[in-house]
Visitor: 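Following this message is one structure expressed as structure tokens.
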Amino acid sequence: MSNWSIFKFGGASVKDPEALRNAVRLVREYGTSPLLVVVSAMGKTTNALERFIQARELGDTAAAATELGAIKSFHDGMAEALGVLDAELRGQLDALWAAAERVDSAQAYNPRYDAVVSLGELASSRILAAALGADGQHTAWLDARSVVRTDAVYRRATVDWAETAACTQRALAVPADVTVTQGFIGSAPDGSTTTLGREGSDYSAAIFANVLKASSLSIWKDVPGMLSGDPKVFKGVVRLEQVPYREAIELAFYGASIIHPKTIQPLEQGGTILRIRSFVDPEAAGTEVGPFAALTPEVPCWMRHENQVLIEVSSRDLSFLSEGHLSEVYRIFAEEGLLVRLEEHHPGQALQIGRASRRE
Ligand code: ASP
Ligand code: MG
């Protein structure tokens with residue numbers, strides 16, 4: 001365990017000047033040095049960049065220019081409102097948007113996509129770093145692509161853990177008090193930009209926590225923590241105070257959308273405590289995910305899945321479904337990319353029920 005800790009700010013926590021100012025305050029008041037801040041693209045910027053790419057793909061240059069123009073002025077407005085739009089930051093942002101226009105259309109689509117959508121995180125991290133600096137905090141900016149090394153599977157790259165650990169430790173050997181970097185992005189062996197899959201910034205934060213052996217990772221959210229169910233669907237849900245890693249993986253996997261399902265495993269491996277904290281009410285206890293023996297409070301957790309399909313599988317001749325048959329059935333589900341959410345098995349009646357939905 002090191003003395004590193006990590007803060008992760010999602011798009012909502014930097015979506016407007018007020019939110020961004022609040023993030024700066026949270027770092028000042030609750031951060032301890034050395035701190036790594038992992039930030040997502042501001043608000044809905046990733047979606048806007050996707051629309052920009054789509055317009056370009058369709059050859060609609062006017063629509064593409066409009067999209068990019070809106071993205072540029074949104075970021076300029078943020079930087080201006082924070083009072084940090086000096087020549088240096090202006091140059092950095094302009095270079096990013098120029099890169100969006102330059103992306104090589106001879107390249108395959110997926111690498112082009114990654115080269116463009118990654119600009120959202122690059123821009124937000126530049127602005128946040130400038131705002132922290134202006135707040136008097138000793139701040140450095142780190143290009144996550146120089147340390148998060150992946151394979152060349154664009155849009156859903158797999159991390160090369162050994163390389164990533166070595167590069168990150170080297171880059172952060174003599175850290176500033178606060179280092180700002182990007183979630184979601186990495187680089188392929190040839191240096192080109194990759195992304196880890198939509199909503200992948202939590203996972204990035206967990207990768208950094210793992211390779212830095214960070215003692216804690218705080219994910220700042222607009223909710224008071226992890227709840228025992230979606231309050232829009234279930235009555236009487238409660239905040240979970242302590243959640244064992246295993247339970248958190250299960251909750252995330254089965255659809256508690258508060259954290260990306262891939263986030264927990266690297267944290268468990270490194271023994272990092274995950275804290276889900278409210279950026280609206282930072283003094284509140286939030287939720288801790290860690291090496292706990294049981295859920296506190298010990299309550300049932302609820303999830304509702306929509307658009308599910310019920311599939312019944314049985315043998316034609318009323319013979320029992322053996323393990324061999326079951327593994328065959330599961331192989332077919334896996335090959336079709338179908339996620340079985342619930343399974344009921346009645347061996348005597350040779351019946352198997354699955355509720356499946358297509359995995360992203
Ligand atoms: N900005 C990226 C996305 O919206 C990554 C993230 O927010 O986690 O998918
Ligand atoms: Mg986002």
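Hydrogens, waters and symmetry mates play no part in the numbers below; they use all other heavy atoms, side chains included.
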Visitor: Could you report the tightest heavy-atom contact between A248 and I264, atom names first, then the distance?
Guide: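 For A248 and I264, the tightest heavy-atom pair comes out as CB-CD1, 3.9 Å.
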Visitor: CE/M78 to NE2/H75 distance, rounded to the nearest 0.5 angstrom?
Guide: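 So the gap between those two atoms works out to 7.5 Å.
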Visitor: If we only count heavy atoms from C-beta on, is the S5 to T272 side-chain gap below 4.5 Å?
Guide: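 No, too far: nothing below the 4.5 Å cut-off.
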Visitor: Among residues at least two apart in sequence or on other chains, which ones pass ring pair (Phe, Tyr, Trp, His ring centres under 6.0 Å) with W141?
Guide: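 With neighbours one apart ignored, the set is empty.
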Visitor: Answer yes or no: is there a side-chain heavy-atom contact under 4.5 Å between R21 and V24?
Guide: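 Not touching, per the 4.5 Å side-chain cut-off.
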Visitor: Just by distance, with hydrogens left out, do S218 and R277 show a side-chain donor and acceptor under 3.5 Å apart?
Guide: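 S218 vs R277: donor-acceptor pair found between side chains.
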Visitor: Cut-off 3.5 Å, no hydrogens considered: what does the side-chain donor-acceptor table look like for residues 6-18, sequence neighbours left out?
Guide:
from : atom 1 : to   : atom 2 : distance (Å)
K8   : NZ     : D202 : OD1    : 2.8
S13  : OG     : G10  : N      : 3.0
S13  : OG     : G10  : O      : 2.7
D16  : OD1    : E18  : N      : 3.4
D16  : OD1    : A19  : N      : 2.8

Visitor: Please check: side-chain N/O of E199 versus main-chain N/O of F184, any donor-acceptor pairing under 3.5 Å?
Guide: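 Not a single qualifying donor-acceptor pair exists.
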Visitor: Has the side chain of S192 got a donor or acceptor atom that lies under 3.5 Å from a matching backbone atom of A188?
Guide: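 Such a contact is absent between S192 side chain and A188 backbone.
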Visitor: Drop me the distance from E335's CD to I332's CD1, to the nearest 0.5 angstrom.
Guide: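 Interatomic distance, E335 CD to I332 CD1, rounded to 0.5 Å: 7.5 Å.
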Visitor: Classify the side-chain pair R198/N47 by whether it contains a donor and acceptor separated by less than 3.5 Å.
Guide: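 Indeed, the side chains of R198 and N47 share at least one donor-acceptor pair under 3.5 Å.
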Visitor: Could you tell me the separation between the CG atom of L20 and the CG atom of L82, rounded to the nearest 0.5 Å?
Guide: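 Going from the CG atom of L20 to the CG atom of L82 covers 4.5 Å.
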Visitor: Is it possible for you to say whether L128 and I71 belong to one hydrophobic cluster, with membership spreading through side-chain heavy-atom contacts below 4.5 Å?
Guide: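 Linked within one cluster.
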Visitor: Show the nearest heavy-atom pair for residues V280 and D222, with the distance to one decimal.
Guide: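 Smallest interatomic distance, heavy atoms only, reads CG2-CA, 4.4 Å.
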Visitor: Enumerate the residue pairs fulfilling salt bridge (Lys or Arg N to Asp or Glu O under 4.0 Å) with a member in residues 67-88, sequence neighbours excluded, ordered by first and then second residue.
Guide: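 For residues 67-88: R51-E67, D76-R90.
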Visitor: Would the distance check show the side chain of S278 and the main-chain N or O of P224 forming a donor-acceptor pair, the cut-off being under 3.5 Å?
Guide: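 Not at all, since once roles are kept as given, no pair shorter than 3.5 Å links the two residues.
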Visitor: Let's go through L267 and V289 carefully: what are the C-alpha distance in whole Å and the side-chain angles of both, what is the deciding distance for side chain to side chain contact (heavy atoms under 4.5 Å, CB included) to 0.1 Å, and is it a yes or a no?
Guide: CA-CA 9 Å; L267 298 178; V289 177; over 6 Å; no
Visitor: Measuring from atom CZ of R155 to atom CG of N110, what distance do you get when rounded to the nearest 0.5 angstrom?
Guide: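 Between atom CZ of R155 and atom CG of N110 there are 5.5 Å.
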Visitor: Any salt bridge (Lys or Arg N to Asp or Glu O under 4.0 Å) involving residues 127-138? Give me the pairs, sequence neighbours left out, ordered by first then second residue.
Guide: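 For residues 127-138: R28-D135.
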Visitor: Report yes or no: do I249 and M226 belong to one cluster of Ile/Leu/Val/Met/Phe/Trp/Tyr joined by side chain heavy-atom distances under 4.5 Å?
Guide: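 Hydrophobic grouping puts I249 with M226.
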Visitor: Can you sort out the partners of P300 under side-chain contact (heavy atoms from CB on, under 4.5 Å), two or more places apart, ordered by chain and number?
Guide: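 Residues passing side-chain contact (heavy atoms from CB on, under 4.5 Å) with P300: W302.
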Visitor: Run the side-chain contact (heavy atoms from CB on, under 4.5 Å) test against K221 and tell me which residues pass, sequence neighbours left out.
Guide: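 K221: side-chain contact (heavy atoms from CB on, under 4.5 Å) contacts with I219, V223, I258, I276.
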Visitor: Is there a donor-acceptor contact under 3.5 Å from the side chain of S215 to the main chain of W4?
Guide: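 Indeed, once roles are kept as given, a pair shorter than 3.5 Å links the two residues.
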Visitor: Between S124 and S40, is there a donor-acceptor pair closer than 3.5 Å when you use the side chain of the first and the backbone of the second?
Guide: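 Yes, the answer is positive, given that a donor and an acceptor are paired below the 3.5 Å cut-off.
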Visitor: Are side-chain heavy atoms of S201 and E121 found at a separation under 4.5 Å?
Guide: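 Side-chain contact under 4.5 Å: yes.
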Visitor: Just verifying a value: how many Å separate L122 CG and T193 OG1, rounded to the nearest 0.5 Å?
Guide: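 Result: 7.5 Å between the selected atoms.
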Visitor: List for me each residue that meets side-chain contact (heavy atoms from CB on, under 4.5 Å) alongside T150, sequence neighbours excluded, and say none if there are none.
Guide: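 Only V148, A157, T194, L196 meet the side-chain contact (heavy atoms from CB on, under 4.5 Å) criterion with T150.
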Visitor: Is there a path from L26 to L274 through hydrophobic residues (I, L, V, M, F, W, Y) whose side chains come within less than 4.5 Å of each other?
Guide: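 No, it is not one cluster - the side chains of L26 and L274 are not joined through contacts under 4.5 Å.
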Visitor: I need the minimum non-hydrogen distance between L240 and C301, along with the two atoms involved.
Guide: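 Closest approach of L240 to C301: CD1-SG, 4.1 Å.
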Visitor: With rounding to the nearest 0.5 angstrom, report the CZ to CD distance, R246 to E268.
Guide: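 The CZ atom of R246 sits 4.5 Å away from the CD atom of E268.
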Visitor: Tell me whether R239 contacts the main-chain N or O of G286 through its side chain, where contact means a donor paired with an acceptor under 3.5 Å.
Guide: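 Yes: the side chain of R239 pairs with the backbone of G286.
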Visitor: Is there side-chain contact between T158 and V153, with heavy atoms separated by less than 4.5 Å?
Guide: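 No, side chains not in contact.
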Visitor: Give a yes-or-no answer on whether the side chains of R56 and T61 include a donor-acceptor pair shorter than 3.5 Å.
Guide: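 Distance-only check fails for R56 and T61.
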Visitor: Taking all non-hydrogen atoms of both residues into account, name the closest pair between P266 and W161 and its distance.
Guide: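 Scanning both residues, the minimum pair turns out to be CB-CH2, 3.8 Å.
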Visitor: Filter on side-chain hydrogen bond (donor to acceptor under 3.5 Å, both in side chains), then keep only pairs touching residues 281-299, sequence neighbours left out; what's left?
Guide: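 Non-adjacent pairs meeting side-chain hydrogen bond (donor to acceptor under 3.5 Å, both in side chains): Y30-E283.
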Visitor: Do you reckon I127 sits in the same ILVMFWY cluster as I185, going by side-chain contacts under 4.5 Å, direct or chained?
Guide: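 As far as the 4.5 Å side-chain criterion goes, I185 and I127 are connected within one cluster.
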Visitor: Checking the side chain of S125 only, and the main-chain atoms of V180 only, is there a donor and an acceptor separated by less than 3.5 Å?
Guide: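 No.
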Visitor: If hydrophobic clusters are built by linking Ile, Leu, Val, Met, Phe, Trp and Tyr wherever their side-chain heavy atoms come under 4.5 Å apart, do V37 and L172 end up in the same one?
Guide: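 Different clusters: V37 never reaches L172 through Ile, Leu, Val, Met, Phe, Trp or Tyr contacts under 4.5 Å.
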Visitor: Quick one: are L85 and L93 in side-chain contact, heavy atoms under 4.5 Å?
Guide: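 They are in contact (side-chain heavy atoms under 4.5 Å apart), so the answer is yes.
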Visitor: Check the pair W220, N22 against side chain to side chain contact (heavy atoms under 4.5 Å, CB included), reporting the backbone distance first and the verdict last.
Guide: CA-CA 11 Å; W220 294 94; N22 187 46; over 6 Å; no
Visitor: Check whether the side chains of T195 and Y113 place a donor and an acceptor atom closer than 3.5 Å, and report yes or no.
Guide: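 No - no donor-acceptor pair under 3.5 Å links their side chains.
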Visitor: Could you tell me which residues satisfy salt bridge (Lys or Arg N to Asp or Glu O under 4.0 Å) with E101, sequence neighbours excluded, listed by chain and number?
Guide: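 E101: no salt bridge (Lys or Arg N to Asp or Glu O under 4.0 Å) contacts found.
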Visitor: In chain order, what residues pass the ring pair (Phe, Tyr, Trp, His ring centres under 6.0 Å) check against F52, with sequence neighbours excluded?
Guide: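 Partners of F52 by the ring pair (Phe, Tyr, Trp, His ring centres under 6.0 Å) criterion come out as none, since no residue qualifies.
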Visitor: Under 3.5 Å, side-chain donor or acceptor atoms of residues 229-238 against the rest of the protein: list the pairs with distances, not counting sequence neighbours.
Guide:
from : atom 1 : to   : atom 2 : distance (Å)
D230 : OD1    : K232 : N      : 2.8

Visitor: Between S118 and D114, what is the shortest heavy-atom contact and its length?
Guide: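 It is OG-O, 2.8 Å.
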Visitor: What residue pairs, at least two apart or across chains, pass side-chain hydrogen bond (donor to acceptor under 3.5 Å, both in side chains) with a residue in residues 171-181?
Guide: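 Output for this query lists S33-D177.
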Visitor: Do any N or O atoms from the side chain of R112 and from the backbone of Q107 form a donor-acceptor pair under 3.5 angstrom?
Guide: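 Confirmed, R112 side chain pairs with Q107 backbone.
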Visitor: If you look at every heavy atom in A152 and P189, which pair is closest and at what distance?
Guide: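 Closest heavy-atom pair between A152 and P189: N-CD, 4.2 Å.
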Visitor: Whether the side chain of Q169 engages the backbone of V211 through a donor-acceptor N/O pair (distance < 3.5 Å, no angle test) should be reported.
Guide: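 The answer is yes, because a donor-acceptor pair under 3.5 Å joins these two groups.
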Visitor: Report yes if some heavy atom in the side chain of S228 is under 4.5 Å from a heavy atom in the side chain of L295; otherwise report no.
Guide: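 When only atoms from C-beta onward are counted, L295 and S228 do not touch, as no gap falls below 4.5 Å.
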